[in-house]
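See below for the structure under consideration.
Every chain is numbered from 1 and lettered A, B, ... according to where its sequence line falls, protein lines coming before strand lines. Note that the structure is a prediction, hence the values are computed from the model and not measured.
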Amino acid sequence: MRLSVQAEPFDLGAEANAFAAGVTGAGAVVTFTGIVRDNAGTLSAMEIEHYPGMTERAIAAITEQAIARWSLADALVIHRYGRLAGGEPIMMVATAASHRADAFDAAEFLMDYLKSRAPFWKKEIGADGAEWVAAKDTDEAALTRW
Amino acid sequence: MRLSVQAEPFDLGAEANAFAAGVTGAGAVVTFTGIVRDNAGTLSAMEIEHYPGMTERAIAAITEQAIARWSLADALVIHRYGRLAGGEPIMMVATAASHRADAFDAAEFLMDYLKSRAPFWKKEIGADGAEWVAAKDTDEAALTRW
Amino acid sequence: MIDVLYFAWVRERIGLPREKVQTDAPTVAALITELCAREERYAAAFADLASLRVALDQELSSFDAPLAGVREVAFFPPMTGG
Amino acid sequence: MIDVLYFAWVRERIGLPREKVQTDAPTVAALITELCAREERYAAAFADLASLRVALDQELSSFDAPLAGVREVAFFPPMTGG
């Protein structure tokens, strides 16, 4: 299990390869990567604030829950904070399991919980000012399926 | 859209990076990688047979359906054939969409359809002989959810 | 003349990957009956149709499908890709 | 003395990321009432509790939770990670 809360960019491919190389006996690896949307060339930036201490605790608790529930061979969570440019990766999760359904379900669970239960707040910085991203009702509703 | 049916190994990380670099405006990238299970060090090999011609047609049809249904920014499918050693990647899919639910659903759809509708057959080669992998009822049942 | 292809254990039981067959069979089922009448290895391969699939010109089809105009018939077990 | 932390627009409205508060408030709600009585910027930040979340010692909690033994209280809007 590797969990990282970091300001630095990460390399999706290098992380995915290192993760896959570290698991034995798993037949299925799923990765999810969130990227700052670069809408139609309007290179928007994003500022991500977090709650040092609680962030790490929340991510560890969510990931341990996923590993236990879906008998994962391993799991990875990387989440950045600070200023990110359009097109940059924000975060990624990876899951490894014997069968694909478990790897997919665990990755979706991680994403749903990280989105609404890990203390990060996104501020979108556009040409005409900055705005805090509002939480969506659908994100809160997504938790009820687990 | 990149579709490849190949005997050669592929590099998960390099493919994931190239795929993510090629999409603009997508906030979510999901990858699935299937790996030859190396059970408890019994390095089993796998022989994958396919139906040249039909394989490419089936993969293209399934992928085009996924792109249209989930408005994907892009999709990738790589599937190997021939002899594979334990721990080697068998295949991967990648999907890119604006939102995570679409990227996840499309990747799961691709996997469910590739598994039961693309003409590949797996033979497991163990210490005491070779055996064709039997199709699972659950794989056929998985198609009904789409 | 029609190209008939066999994959996986169907290929192994029949002992060849493909062959040209001269037939007037109107349907896939009729072609299977003709093949089974030839030799025991065909009968063994086609013993349980529930565990077989058929593709006509590289599209999945059914055993009662007509063969008129078809150039390539393939028989194989349920697919196990992914 | 209790550490009180503010994040995102709560931090911006109140104008500081953290402060030490001397309080005997028995619950989170009582602490909020005390803070709102101080200055307008607190009242503005806490105007709509439905759009706020609270964590006690880095665990999500509720506004009616007791403060006894708590060292760190954090107020913030619903989270938007991922």
- Task: Decide yes or no for A:T95 and A:L110: does some side-chain heavy atom of the first lie under 4.5 Å from some side-chain heavy atom of the second?
- Result: yes

- Angle class for the B:F120/B:H79 ring planes (parallel below 30°, perpendicular above 60°, tilted otherwise)? parallel

- Task: Could you look at B:A26 and say if it's the side chain, the backbone, both or neither that has a heavy atom under 4.5 Å from chain A?
- Result: backbone

- Message: Closer than 4.0 angstrom, basic N to acidic O: yes or no for A:E140 and A:R117?
- Response: yes

- Item | Pair A:R100 + B:E108: basic N to acidic O under 4.0 Å | no

- Salt-bridge test for B:K122 and B:E49: reply yes if a basic N is under 4.0 Å from a carboxylate O, no otherwise. no

- Note: vs chain B, highest number of non-hydrogen pairs under 4.5 angstrom among A:A142, A:A21, A:S98, A:A14 is A:S98

- Item | Residue among B:D112, B:V93, B:V36, B:T138 with most heavy-atom pairs under 4.5 Å to chain A | B:D112

- Task: Sort out for me which of A:I90, A:D11, A:T24 touches chain B most, counting heavy-atom pairs under 4.5 Å.
- Result: A:D11

- Under 4.5 Å, counting heavy-atom pairs only, tell me which of A:L12, A:N17, A:V23 racks up the most with chain B. A:N17

- At a heavy-atom separation under 4.5 Å, does B:A107 approach chain A through its side chain, its backbone, both, or neither? both

